[in-house]
*Asks:* 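Next up is a structure, given as structure tokens.
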Amino acid sequence: QVQLVESGGGLVQAGGSLRLSCEASGGTFSSTAMGWFRQAPGREREFVAAISWKGGSTIYADSVKGRFTISRDNAKNTVYLQLNSLKPDDTAVYYCAAGRRMYVSESYREYNYWGQGTQVTVSS
């Protein structure tokens, strides 16, 4: 059973930055893709970014491309999401997810373990 614990969320002004972390335990972290999703109030959960098992491949939602960066440190069983140039529309609960396979996917169906989420609030 994989457990994922996110941290790093908070309140920031528009234009600011945050770094989210997600530490994994209980599974083979280094052999699975990892993803970040987010859900704003009244909206469906949406894909943000994903990274392949070795970190050689990354994909991003168009809405965050050029502003967010996903990375991972397999020695620390941790995946990161650097959020820059934040906008009020980025306000959401951000979830880390562990993939079923080694390679990236935008589909939530390809992720079988989820963290509890961390709140990001961007004020205007």
Side-chain angles (χ1 to χ4, degrees):
Q1 184 80 4
V2 175
Q3 292 186 325
L4 303 173
V5 179
E6 301 101 331
S7 61
L11 173 64
V12 64
Q13 290 188 328
S17 298
L18 285 173
R19 189 192 197 202
L20 308 183
S21 299
C22 171
E23 185 172 359
S25 61
T28 54
F29 175 83
S30 60
S31 63
T32 63
M34 297 294 295
W36 286 95
F37 291 74
R38 67 185 181 185
Q39 187 167 20
R43 299 178 66 175
E44 293 186 355
R45 189 170 300 192
E46 65 173 352
F47 169 77
V48 175
I51 187 166
S52 60
W53 64 304
K54 282 189 175 180
S57 178
T58 57
I59 55 172
Y60 296 91
D62 287 343
S63 59
V64 307
K65 206 170 291 184
R67 300 188 298 122
F68 292 7
T69 303
I70 189 170
S71 61
R72 67 189 296 163
D73 184 340
N74 286 348
K76 295 182 178 179
N77 284 357
T78 302
V79 62
Y80 304 98
L81 187 68
Q82 178 68 40
L83 291 64
N84 295 332
S85 302
L86 282 160
K87 306 174 182 179
D89 282 350
D90 294 319
T91 295
V93 177
Y94 283 70
Y95 297 91
C96 168
R100 299 177 187 276
R101 307 180 222 281
M102 296 187 292
Y103 301 107
V104 295
S105 173
E106 297 183 13
S107 172
Y108 72 91
R109 294 180 180 88
E110 292 298 323
Y111 297 85
N112 52 351
Y113 293 102
W114 296 81
Q116 83 289 347
T118 185
Q119 176 71 47
V120 172
T121 303
V122 184
S123 62
S124 57

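Quick note: numbers below take in every heavy atom, side chains included, and nothing from hydrogens, waters or symmetry partners. Residue indices begin at 1 and follow the sequence shown. All values reported here derive from a predicted model rather than from experimental measurement.
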*Asks:* Just verifying a value: how many Å separate S30 OG and R72 CZ, rounded to the nearest 0.5 Å?
*Replies:* 7.5 Å
*Asks:* Can you tell me if S63 uses its side chain to pair, donor with acceptor, with the backbone of A61 under 3.5 Å?
*Replies:* no
*Asks:* Can any side-chain N or O of T121 pair as donor or acceptor with the backbone N or O of L11 at less than 3.5 Å?
*Replies:* no
*Asks:* Which pairs of donor and acceptor atoms, one on a side chain in residues 19-26, lie under 3.5 Å apart (sequence neighbours left out)?
*Replies:*
none

*Asks:* Could you state the interatomic distance from OG1 (T32) to CZ (R101), rounded to the nearest 0.5 Å?
*Replies:* 12.0 Å
*Asks:* Tell me, please, which residues at least two apart from R67 pass side chain to side chain donor-acceptor pair (under 3.5 Å).
*Replies:* D90
*Asks:* We want to know whether S17 and N84 form a side-chain donor-acceptor pair, criterion being a heavy-atom distance below 3.5 angstrom.
*Replies:* yes
*Asks:* Check the angle between the aromatic planes of Y95 and W114 and answer parallel, tilted or perpendicular using the 30° and 60° thresholds.
*Replies:* perpendicular
*Asks:* Verify whether the ring centers belonging to F47 and Y60 lie closer than 6.0 Å.
*Replies:* no
*Asks:* Heavy atoms only: give me the nearest E6-Y94 pair and the separation to one decimal.
*Replies:* OE2-O, 3.9 Å
*Asks:* How long is the straight-line distance from OG of S57 back to CD1 of I51, given to the nearest 0.5 Å?
*Replies:* 8.5 Å
*Asks:* Please say whether more than 12 non-hydrogen atoms of neighbouring residues, nucleotides or ligands are located less than 6.0 Å from OH in Y108.
*Replies:* no
*Asks:* Begin from the C-alpha positions of T78 and F29 and carry the test side-chain contact (heavy atoms from CB on, under 4.5 Å) through to its verdict.
*Replies:* CA-CA 8 Å; T78 302; F29 175 83; 5.5 Å; no
*Asks:* Between V120 and L18, is any pair of side-chain heavy atoms under 4.5 Å apart?
*Replies:* yes
*Asks:* Run M34 and Y111 through side-chain contact (heavy atoms from CB on, under 4.5 Å) and show every step you take.
*Replies:* CA-CA 8 Å; M34 297 294 295; Y111 297 85; 5.8 Å; no
*Asks:* Working to the nearest 0.5 Å, report the span between OH of Y103 and CD of E110.
*Replies:* 13.5 Å
*Asks:* Nearest 0.5 Å, please: how far is CZ in R38 from CD in Q119?
*Replies:* 12.0 Å
*Asks:* Minimum heavy-atom separation for V12 and G16, please, with both atom names.
*Replies:* CG2-CA, 3.8 Å
*Asks:* Taking I70 as the starting point, is it possible to reach V93 by hopping between hydrophobic residues whose side chains are less than 4.5 Å apart?
*Replies:* no
*Asks:* Which pair of heavy atoms, one from C96 and one from L4, lies closest together, and at what distance?
*Replies:* O-CD1, 3.7 Å
*Asks:* Output the distance between atom OG (S31) and atom CE (M102), rounded to the nearest 0.5 Å.
*Replies:* 8.0 Å
*Asks:* Kindly give the heavy-atom pair with the smallest separation between F68 and V48, and that separation in Å.
*Replies:* CD2-CG1, 3.8 Å
*Asks:* Ignoring hydrogens, what is the shortest heavy-atom contact between S105 and A50? Give both atom names and the distance.
*Replies:* O-CB, 3.9 Å
*Asks:* Evaluate V104 against T58 for side-chain contact (heavy atoms from CB on, under 4.5 Å), listing each step before the verdict.
*Replies:* CA-CA 7 Å; V104 295; T58 57; 5.9 Å; no
*Asks:* Hey, quick one: are Y80 and W36 part of the same hydrophobic cluster, counting side-chain heavy atoms closer than 4.5 Å, chains of contacts allowed?
*Replies:* no
*Asks:* Show the nearest heavy-atom pair for residues V122 and T91, with the distance to one decimal.
*Replies:* N-OG1, 2.9 Å
*Asks:* With a 4.5 Å cut-off on side-chain heavy-atom distances among I, L, V, M, F, W and Y, is there a chain of contacts connecting I59 to W53?
*Replies:* no
